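Encoded as structure tokens, the structure appears first; notes follow it.
Just the heavy atoms: all of them, side chains too, but no hydrogens, waters or symmetry mates, feed the values below. These numbers were taken from a predicted model, which means no experiment stands behind them.
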Amino acid sequence: MSSVSHSVGSSATGQGSNSANVRLFNGRVILHALRRLGQASRADLSRHVNLTNNTAGVIVKDLEERNLIRVEGKRSYGRGQPATLLSLDPKGAYAIGVRFGRRLIDTLLVDFSGHVLGRRHHDLAFAMPDEAIALALEDIADLRQVLPKSAQARMAGIGVAIPYDMGNWRHELDIALEAYGAWNETDIGACIEEGTGLPVFCENDDTAAAVAEIFRGLGRELNSFVYVFIGAAIGGGIVLNGEYYRGTTGYAGDSGLMPVERSCLKSAPEPRRTYDILLTRASINSLIRHLRASGVTVLSQRDLEEVLDDHPGPVGEWQDDCADALVVPLLSAASLMDAEAIVLDGDLPASIMEDLLERLANRLAAAVLEARRPPSLVRGQVGREAGALGASILPLHLNFSPNREMLVNR
């Protein structure tokens with residue numbers, strides 16, 4: 001396998017757009033297409049990436065020899081020879097992803113095709129950086145041992161998904177510990193890299209979740225969508241033409257800070273500004289706050305799941321308030337982007353998410369303006385591990401994705 005580094009375009013050498021660089025670029029275009037499509041024939045790939053059959057065939061052969069693509073089987077169209085189906089070779093490379101959340105740590109080991117080979121999970125409410133990093137390093141070391149020694153040399157790196165400014169918004173998220181602000185002063189990526197000796201790729205946790213949706217979920221059907229993920233807080237990502245859009249500083253799609261009217265729930269904290277922000281109302285933290293105010297004991301994420309079915313009244317009140325809070329941000333995003341859909345996912349059980357989607361869809365339909373249709377609202381397909389899965393896909397995607405720098409002078 002080619003060497004791995006932090007620079008996506010590091011394999012380009014020489015001056016100008018030489019044939020080797022073009023071939024490398026086209027190879028990565030095909031890998032990127034297969035990561036989204038899952039399976040495809042050579043003819044499918046030729047059409048999808050706009051290459052001639054001969055060019056695509058030569059590149060596919062090279063990728064097969066490098067153990068990055070393999071033959072999956074045959075697909076028949078009726079008459080004529082059945083087409084040979086190709087896919088990413090799971091043994092082509094490996095990566096580990098770590099999602100640091102305010103209430104959890106998830107760590108996954110994946111193969112080149114993005115399938116999970118091992119996982120570790122911790123429920124931790126507002127852990128400090130030192131404790132969280134130590135647990136993550138233990139999990140990473142443990143998962144690396146899942147691979148045989150021959151495969152460990154193909155480790156592409158570690159992806160880290162973490163909320164930006166994780167130590168902020170303590171008032172809105174009911175974080176009493178003032179020292180929690182230490183997260184903003186800790187370089188998590190550097191700590192993980194020092195502890196593992198592997199290259200680390202950091203991304204906002206909700207952007208990472210959108211990456212997982214692109215390659216393992218609805219991104220195989222949708223080219224452009226607004227992605228929203230309800231976790232301890234709430235955030236999201238923007239997907240344009242099959243690629244995630246980071247924005248100038250990596251905050252693109254950060255719906256949690258969008259202004260909203262204050263909550264009607266008595267459990268909600270008093271806003272500090274003229275408007276409240278979405279994460280105060282549409283988040284797992286706000287659900288836990290409301291349950292506690294209703295006399296329900298909730299100490300951890302696991303406790304939350306155990307009590308949801310037994311307290312439909314306060315849960316329904318929160319769902320109504322959450323749906324109300326989401327209407328204006330989602331209609332605004334839909335109007336600005338004109339995207340194919342809004343994809344909503346979260347750290348909540350399927351029944352709670354489905355009920356929330358139904359309430360939200362009704363409100364969007366009632367609020368949509370004249371001459372407009374309500375945005376298509378669909379549930380994400382990846383689910384609760386989206387952040388960690390997206391983090392684990394990052395090293396694979398960035399090390400093997402096409403980059404225009406390969407084709408120009410460096």
Point to revise | Parallel, tilted or perpendicular: ring planes of His397 versus Phe215, cut at 30 and 60 degrees | key: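 It falls in the tilted class, 30° to 60°.
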Exercise for review: Measure the acute angle between the ring planes of Phe126 and Tyr180, then classify it against the limits of 30° and 60° as parallel, tilted or perpendicular.
Suggested key: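 Ring orientation, 0 to 90° scale: perpendicular.
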Is the shortest side-chain N to carboxylate O distance from [X] to [Y] below 4.0 Å?
X      : Y      : result
Arg120 : Asp106 : no
Glu172 : Arg272 : no
Asp276 : Arg273 : no

Side-chain heavy-atom pair [X], [Y] within 4.5 angstrom cut-off:
X      : Y      : result
Leu344 : Phe229 : no
Arg220 : Gln381 : no
Ile238 : Thr207 : no
Glu385 : His121 : no
Thr84  : Arg42  : yes
Asp89  : Ile69  : no
Ser255 : Met258 : yes
Glu354 : Glu358 : no

When the side chains of residues 53-63 are checked against the rest of the protein, which donor-acceptor pairs come out under 3.5 Å, sequence neighbours left out?
| unit_1 | atom_1 | unit_2 | atom_2 | d |
| --- | --- | --- | --- | --- |
| Asn53 | OD1 | Ser46 | OG | 3.0 |
| Thr55 | OG1 | Thr52 | OG1 | 2.8 |

Practice item. Name all pairs fulfilling the ring pair (Phe, Tyr, Trp, His ring centres under 6.0 Å) condition that reach into residues 260-293, sequence neighbours left out, sorted by first residue then second. Key: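 Those involving residues 260-293 do not exist here.
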Working to the nearest 0.5 angstrom, can you tell me the gap between [X] [atom1] and [Y] [atom2]?
X      : Y      : atom1 : atom2 : answer
Ile352 : Asp347 : CD1   : CG    : 13.5 Å
Ile133 : Ile188 : CD1   : CD1   : 3.5 Å
Leu68  : Leu86  : CG    : CG    : 12.5 Å
Leu279 : Ile230 : CG    : CD1   : 11.5 Å
His311 : Glu317 : NE2   : CD    : 12.5 Å
Leu287 : Cys322 : CG    : SG    : 9.0 Å

Check your understanding: Can you tell which of Val146, Val110, Ile140 makes a side chain to side chain contact (heavy atoms under 4.5 Å, CB included) with Ile96?
Key ->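 For Ile96, the side chain to side chain contact (heavy atoms under 4.5 Å, CB included) check succeeds only for Ile140.
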Point to revise | Reference residue Phe225; test side chain to side chain contact (heavy atoms under 4.5 Å, CB included); the match among Ile342, Val343, Leu240, Val378 | key: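 Answer to the side chain to side chain contact (heavy atoms under 4.5 Å, CB included) test with Phe225 among Ile342, Val343, Leu240, Val378: Val343.
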[X] and [Y]: which non-hydrogen atoms are nearest, and at how many Å?
X      : Y      : value
Gly247 : Ala252 : N-CB, 3.7 Å
Arg384 : Gly346 : CG-O, 3.5 Å
Ser224 : Asn241 : OG-N, 3.1 Å
Met353 : Asp345 : CE-C, 3.5 Å
Asp321 : Ser263 : OD2-OG, 2.9 Å
Pro402 : Val29  : CB-CG2, 3.6 Å

Under 3.5 Å, is there a donor-acceptor pair between the side chain of [X] and the main chain of [Y]?
X      : Y      : result
Ser283 : Thr280 : no
Ser294 : Val296 : no
Tyr164 : Asn204 : yes
Trp169 : Asp174 : no
Arg281 : Glu261 : yes
Glu340 : Asn223 : yes

Just checking, is any N or O donor in the side chain of [X] or [Y] under 3.5 Å from an acceptor N or O on the other one?
X      : Y      : answer
Tyr244 : Glu213 : no
Asp139 : His122 : yes
Glu270 : His171 : no
His115 : Arg216 : yes
Ser87  : Glu72  : yes
Arg103 : Asn285 : yes

Check your understanding: Do Arg70's NZ or CZ and the ring of Phe112 fall within the cation-pi criteria of under 6.0 Å and 45°?
Key ->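 Here Arg70 fails the 6.0 Å and 45° test against Phe112.
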Check your understanding: Where do Arg99 and Ile162 land on the side chain to side chain contact (heavy atoms under 4.5 Å, CB included) test, with the steps shown first?
Key -> CA-CA 6 Å; Arg99 176 194 174 194; Ile162 183 169; over 6 Å; no
Practice item. Check step by step if side chain to side chain contact (heavy atoms under 4.5 Å, CB included) holds for Leu88 and Leu31. Key: CA-CA 7 Å; Leu88 298 177; Leu31 290 175; 3.7 Å; yes
Practice item. Show the numbers, then the answer: is there a side chain to side chain contact (heavy atoms under 4.5 Å, CB included) between Thr107 and Leu143? Key: CA-CA 9 Å; Thr107 306; Leu143 288 173; 3.5 Å; yes
Review point. Crowded around Asn50 CG? As in, over 12 foreign heavy atoms under 6.0 Å?
Key: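 Check fails, neighbour count at 12 or below.
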Check your understanding: Within a radius of less than 6.0 Å around CD of Glu194, do more than 12 heavy atoms belonging to other residues, nucleotides or ligands occur?
Key ->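 Incorrect, the count does not exceed 12.
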Would you please name every residue forming a side chain to side chain contact (heavy atoms under 4.5 Å, CB included) with [X], sequence neighbours left out?
X      : result
Glu138 : Leu135
Asn184 : Asp165, Asn168
Ala151 : Tyr94, Leu147, Pro148

Would you be so kind as to tabulate the donor-acceptor pairs closer than 3.5 Å made by side chains of residues 323-335, with sequence neighbours excluded?
| unit_1 | atom_1 | unit_2 | atom_2 | d |
| --- | --- | --- | --- | --- |
| Asp324 | OD1 | Arg363 | NE | 2.5 |
| Ser332 | OG | Val328 | O | 2.8 |
| Ser335 | OG | Leu331 | O | 2.9 |

Point to revise | Derivation and outcome, side chain to side chain contact (heavy atoms under 4.5 Å, CB included), residues Leu377 and Leu360 | key: CA-CA 9 Å; Leu377 180 66; Leu360 179 56; 3.8 Å; yes
